[in-house]
Amino acid sequence: MYKVKTPILIACYLLATTVSIPLLANKSSKYSPSQQLFLDAEKALKSNDVQKFQKFKSQLSHYPLVSYLEFEQLSRNLTVANKGKIDQFIKVQKDSPLASRLKFRYINSLVKQKQYGLFSQYYADFFQSSKNAKLKCLYLIHQLQQGEKTAKVFPEVKKLWTVAKSQPKECDPLFSQWKNEGKLTKAVAFERFDKVARKGPVSMLNYLKRYLPKKQHYLAELWSKVRKNPGVIANRRFFPQRDYKYQEAAIAVFAIKKLAWGDRDAAYKTWRNVQRRIVVPKELANDAERTLFLALTTENNPKAMPWAKKHINRYLKDELITHWKLATFLRANDWEAIKEQYDLIAEKLQKTNQWRYWYAIALEKTGNSKQANQLLKNLAVQRDYYGYKAAAKLKQPLKLNHKASVISKEVLTQTQNLSNVERAKELIALERFRDANREWRSLQKRLKTPEEFQAAAKIAYDWGWFNQGILTIAKAKIWDDTDIRFPTAFKEDYIVMGKKVDLEPEWLMGVTRQESAYGPYAVSGAGAYGLMQVLPSTAKIYSKKLGVKYKNRSDLFVPSTNIEMGSNYLKLRYDELDSNPIYASAAYNAGKHRIDKWKAFGRFPTEIWIESIPYTETRDYIKKVMTYRAIYALKLNKQDTVFEYILNTETGG
């Protein structure tokens, strides 16, 4: 809950980075003899009791996780002399995540041992995908020492040098040789200078300007001032208009894009004044105009409407701009403009359910009810946000469209017998959830057909590993198996808690499906825990107020506790925000303070207010939660009216 991190609404949709952990783990259960022997072997290894370790390990030759013991044993002896055993393990365990993990450990160990020749042999396959600048530089240095041609190495050196940050000291000899051979040209220097100017440390600008012609040095001063205070461009004498007018214009546009998200009117005025004082090339002006429009329209500024009308036939490949032109026209009830925009956009966009729906509404509003009705009927059979809106508008029942996965017994058995599956199952039993997820990711690399992915998804689902089942079946692009995609685990907890807080259980389940994909041990990149993704800080603050027992973050991994905390928190927001389910759901994602701000942007029909939510993440979140809520109502055999609410109420103001 309350996890939106991006300060600007045009940020890409943030997929929640969750560590999925299944339900199979039962802390009260006893381990099997093999599992206990495995744990004893690990303990012996940690205490350096080699004799006992070997004794236990010898009794586990057929146990799926014996490779994990071998991995830990080899990791303790990453020497050149042990290369043969390491290579053999990597070869035998090629389908296990342990192979690459051991390889990376060996690579780092070889660097510490200064065995650069052997290090380079192992690192070669990882060079292009690696983001480790230190290792890349050491590898390239060794390549040059071994006689590799500079024509092959120096382009990679350029990539390493032209970044917006300092590189590790291990790169210095490589950069020196590269510079000494005349590869650091003025153009290359300016490439890095420009990157640093935009997003690197301002202090680096004075260092980098030494590589530029003296007449360009003044640009470092302009950038430094703008990075500290973008408003300085309002000063009539800020731009000297010297030889580098394009770069000055680029600085102006950078500043305007920063100012746009503050005082919109002031930014707009500053932009018009800047354009009168300096020449701004078309491509730069378009970039500034784009950001200004997004900033204006997300706050429903009156200047957004004339811009959208003026540029109705431009920015047509820009899906974000196209969305906000639609939202602007919707708020103005300009149905003719919506039809005109629909005719102009690419066929790909026209085919999206969003545009099909609003085009149908525009047709209806302008007197073409027959065509509108047919378009809505076509949409109403689909299981998504716009399909459900169309069905509700036509007063038709919402469709679940369930179609169970068809998996042959042969494929299911073959998948169950794959080593990754066997290891994952044991790791789950031992509560090694991170390792279990690693095994499952490795498994997915081995699967080739949609049926194999469905089989793996079914296995995860049958284990109670619901979030991994959801993620795996998505890989197969199988969307209609609503048992796997929308599990009803903990149903009774949601029903009981729904009655307790007086909220629909399907709503609570819909929030859970979006927040964690039904992973009771999920941990997001923002640090939210469990089924309903409760932040420990939130739990600590609100537990007493909400009357929920809470000691520490591990409590949030208990499904009943998490459901109780998340449900009470949602109810709190619901009561605080006008008993509006849209406000409450948005606040669960973005925080109450943002909803209080967004309410001031105007009062509109609820479905239009949803299209106008400033944050892309929260806008998509609301659509998904409302859709999932309706799906879970169908699965609970309940009549949910949230889409009638969306169609027949007003929100905002």
Please list, chain by chain and in numerical order, all residues satisfying salt bridge (charged side-chain N to carboxylate O under 4.0 Å, His left out) with R331, sequence neighbours excluded.
none
In chain order, what residues pass the side-chain contact (heavy atoms from CB on, under 4.5 Å) check against A360, with sequence neighbours excluded?
L375, L376
With E576 via salt bridge (charged side-chain N to carboxylate O under 4.0 Å, His left out) - residues at least two apart
R573
Residues two or more places apart in sequence or in another chain: which of them pass side-chain contact (heavy atoms from CB on, under 4.5 Å) with T366?
W335, E336, K339
Give every residue pair that meets the salt bridge (Lys or Arg N to Asp or Glu O under 4.0 Å) criterion with at least one member in residues 355-378, sequence neighbours excluded.
E364-K393
D640: which residues meet the salt bridge (charged side-chain N to carboxylate O under 4.0 Å, His left out) condition with it, sequence neighbours left out?
R629
Step through it carefully: locate the ring centre of W507, locate the ring centre of Y574, and say whether they are under 6.0 Å apart.
yes
Can you name the side-chain contact (heavy atoms from CB on, under 4.5 Å) partners of K500, sequence neighbours left out?
M497, E564
Sequence-distant partners of Q350, side-chain contact (heavy atoms from CB on, under 4.5 Å), two or more places apart
Y342, I345, E347
Any pair counted as side chain to side chain donor-acceptor pair (under 3.5 Å), so long as it reaches residues 484-498, sequence neighbours left out
Y494-T512
Donor-acceptor pairs under 3.5 Å, side chain of residues 449-457 to any protein atom, not counting sequence neighbours: which ones?
{"residue": "T449", "atom": "OG1", "partner": "E452", "partner atom": "N", "Å": "3.2"}
{"residue": "E451", "atom": "OE2", "partner": "S408", "partner atom": "N", "Å": "2.8"}
{"residue": "E451", "atom": "OE2", "partner": "S408", "partner atom": "OG", "Å": "3.1"}
{"residue": "E452", "atom": "OE1", "partner": "K448", "partner atom": "N", "Å": "2.6"}
{"residue": "E452", "atom": "OE1", "partner": "T449", "partner atom": "N", "Å": "3.2"}
{"residue": "Q454", "atom": "OE1", "partner": "S405", "partner atom": "OG", "Å": "3.1"}
{"residue": "Q454", "atom": "NE2", "partner": "P450", "partner atom": "O", "Å": "3.4"}

Residues which pass salt bridge (charged side-chain N to carboxylate O under 4.0 Å, His left out) with K325, listed by chain and number, not counting sequence neighbours:
none
The criterion is side-chain hydrogen bond (donor to acceptor under 3.5 Å, both in side chains); which residues satisfy it with Y632, sequence neighbours excluded?
none
